[in-house]
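Here is the structure we will look at, set down as structure tokens.
In what follows, chains carry the letters A, B, and so on, assigned in the order in which the sequence lines appear, proteins first and then strands, with residues in each chain numbered from 1.
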Amino acid sequence: MTSIALKGLKKKYGSKHAVRATDLEIASGEFIVFVGPSGCGKSTLLRMISGLEEVTDGRILFDQVDVTARPASKRGVAMVFQAYALYPHMTAAQNLSFGLRMTGHSAEEIARRVERAVKILRLDDYLNRKPAQLSGGQCQRVAIGRALVQQPRVFLFDEPLSNLDAELRGSMRVEIAALHRELDNTMVYVTHDQLEAMTLADRIVVLNDGRIEQVGTPLEIYHEPKNIFVAEFMGAPRMNILPGIVVEDGGLFLLLDSNQKIPLAGGPGAVDVGDRVSVGVRPEHVASSRASALEMRVDFVEQTGAMTHYFGRIGGHEFRMASSEERQCRPGERICVGFAAERLHYFDAQGQRIGAEARR
Amino acid sequence: MFRKLTPYIFLCPAILIIGIFVLLPMASALVISFSDYNMIEAHRFVGLDQYRRLLKDPFFWNALGNSLLYLAVVVPVLSFAPIFLAALVNRKLPGIAVFRGIYYLPVVTSLVVTGLMWKWVYEENGALNFILRNLGLVDDPIAWLATPSVSLFAVMAVTVWSGMGFYMVIYLAGLQSIPKALYEAAELQGVSRIRQTLFITIPMLRPYIALVAVISSIAAMKIFDEVFIMTRGGPLGQTETLVFFVYQNAFVEFDMGYASAAGIALFVATFVLSILNLRLTRDAGHAKR
């Protein structure tokens with residue numbers, strides 16, 4: 001088991017910052033997930049940890065030892081790639097043993113390690129098949145097996161499930177989680193899929209435009225997003241954000257551009273009359289309510305079976321509601337929606353969370 | 001009805017052109033090969049006489065031998081040397097596109113120009129002898145194209161030089177089709193660069209190697225321009241290849257029946273070679289899967 005520390009790690013391509021000065025501590029045995037939109041620098045960060053990408057500035061430490069200048073082959077990391085990166089001219093068995101055969105391991109040692117990987121990942125049935133004869137899921141299992149036989153200090157996963165269909169993604173996710181429980185290795189996992197991040201991670205690192213926006217456990221990230229970006233990125237359908245001005249009308253209210261008011265009772269004390277504030281509320285915390293004066297115009301309705309998603313607008317802003325009740329609703333219809341005041345998230349004019357401590 | 005005919009209507013021009021300029025001459029060559037015909041007098045049917053003549057003709061065997069030697073030397077060189085050239089220009093270096101262009105230049109240069117240029121290079125007081133003498137490697141100039149033991153190899157060198165760029169481009173496409181992640185996976189496993197080349201690059205290039213072997217084999221069997229421009233088959237028939245033998249008999253001796261028989265022999269040889277190569281290509285394709 002290995003701990004990882006990133007100290008002021010930077011990567012620039014020409015004048016473009018792929019990763020801005022990044023500091024991060026990854027505990028030994030931790031499953032950490034880098035999540036963010038395309039081009040946010042998550043894969044670059046992972047590749048710098050692996051040694052496949054040169055570092056522009058900063059340091060990488062494994063167990064407090066600086067490995068920044070150490071070549072990839074000497075870092076003791078193994079990586080699982082998005083497109084599997086299996087050698088197409090070799091069978092699954094040959095793919096598993098290739099690295100060990102090329103680096104002078106004894107036949108007994110190779111057989112022992114391959115056998116263990118085969119057992120853990122249940123690869124027996126297709127050991128003699130070439131990658132073209134395997135399904136996407138089987139290919140990825142072989143690729144994970146190939147990482148496993150290296151007995152690395154750190155496992156790196158670069159969007160390993162992105163090429164699989166939804167059902168297979170779900171089952172592979174369970175397998176990867178089980179693998180982590182069994183091996184207890186440090187694992188760093190990159191994905192753009194927030195569901196993968198939420199279900200797999202001990203801690204999630206949310207990245208945007210080359211910088212870390214927030215580091216926290218999945219539930220911390222979900223319940224206490226540090227800013228509007230994290231709030232909107234994590235969760236599906238994404239969080240509703242309604243900007244407005246704080247007004248006094250027998251109590252504090254948020255006045256929306258549609259002239260509708262949201263009571264701020266129970267909100268953070270840090271807001272004052274005249275402040276420009278945005279409130280956020282997750283679609284699953286919104287319910288239709290005749291008692292509420294907040295009106296949403298429904299544009300379309302999406303049935304997922306377990307939940308019904310209503311997409312529409314409040315004033316000029318997109319608004320979403322996720323409900324377990326199957327209510328018939330036509331596009332253009334107006335429904336009154338409400339939510340509990342304690343479910344609201346407050347963000348200042350810069351999009352930063354207000355009063356996080358007060359809400360804990 | 002018209003719908004069913006549409007594809008054939010589109011194919012018609014190509015079939016017509018191939019029919020007139022390839023299939024018809026082939027068929028007439030086959031017919032002429034069974035006759036005695038000098039382009040002036042009428043055809044005289046002689047059965048298999050021309051083929052019997054071929055079998056007894058030392059010049060034919062010499063030409064066939066030269067063509068096969070050409071094949072044996074040029075094909076392996078052209079199948080493997082351009083891989084290294086492609087690997088070289090596949091690197092992301094500043095101005096690498098210029099080098100790719102320079103290496104490709106001989107391919108787009110007319111073989112007549114290339115032949116004449118190399119003829120000057122090979123002259124007794126040409127550039128090659130000048131360099132070798134200045135380096136102290138030879139005392140007396142070598143008559144590259146007039147010395148029987150080296151003339152064929154001198155012509156081969158020109159074929160290799162002018163074809164290298166073309167095959168380099170094929171291998172470059174092959175190299176660029178290998179996913180970078182394969183090398184990265186190997187690098188993380190501690191596999192050395194040499195082993196990556198031997199166990200990843202070369203096997204992944206197998207279909208391309210087979211393709212180059214097929215194309216270069218057929219090209220080697222059809223060598224004519226270099227020989228015609230540089231040596232005219234000399235000295236003492238040392239550079240006379242099968243196609244040059246056909247040309248010599250057809251358009252110098254006007255022995256069309258005999259030349260046609262030799263042409264048919266060349267066709268059979270090329271056909272067998274192509275089948276053999278296609279089989280190898282198919283095997284390579286299977287190996288990839």
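- Crowding of A/Glu115 atom CD: a count of heavy atoms from other residues, nucleotides or ligands under 6.0 Å not exceeding 12.
- Remark: the backbone N or O of B/Met204 is not paired with any side-chain donor or acceptor of A/Tyr87 at under 3.5 angstrom.
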Subject >> Stepwise side-chain contact (heavy atoms from CB on, under 4.5 Å) test for B/Gln196 and A/Met102 >> reply: CA-CA 9 Å; B/Gln196 285 179 29; A/Met102 292 294 115; over 6 Å; no
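- Within 6.0 Å of the CZ atom in B/Phe271, the count of heavy atoms belonging to other residues, nucleotides or ligands does not exceed 12.
- The parts of B/Phe199 that come within reach of chain A are both its backbone and its side chain, each placing non-hydrogen atoms under 4.5 angstrom from that chain.
- Residues of residues 43-52 of chain A that come within less than 4.5 angstrom of chain B, heavy atom to heavy atom, are A/Arg47, A/Ser50, A/Leu52 in numerical order.
- Of all residues in residues 65-82 of chain A, those placing a non-hydrogen atom less than 4.5 angstrom from a non-hydrogen atom of chain B are A/Ala72, A/Ser73, A/Val77, A/Met79, A/Phe81.
- Around CZ of B/Phe166, the count of heavy atoms belonging to other residues, nucleotides or ligands within 6.0 Å does not exceed 12.
- Side-chain contact between A/Pro88 and B/Leu182: present, with at least one pair of heavy atoms (C-beta onward) separated by less than 4.5 Å.
- The environment of CG in B/Leu137 is crowded: more than 12 heavy-atom neighbours from other residues, nucleotides or ligands sit within 6.0 Å.
- Taking a 6.0 Å sphere around CZ of B/Arg193, one finds it holds 12 or fewer heavy atoms contributed by other residues, nucleotides or ligands.
- Proximity to chain B (any heavy atom under 4.5 Å) is shown, for A/Leu156, by neither the backbone nor the side chain.
- Counting heavy-atom pairs closer than 4.5 Å to chain A, the top-ranked of the candidates B/Glu184, B/Lys180, B/Arg195 is B/Glu184.
- Residue B/Phe10 qualifies as open at atom CZ: its count of foreign heavy atoms under 6.0 Å is 12 or below.
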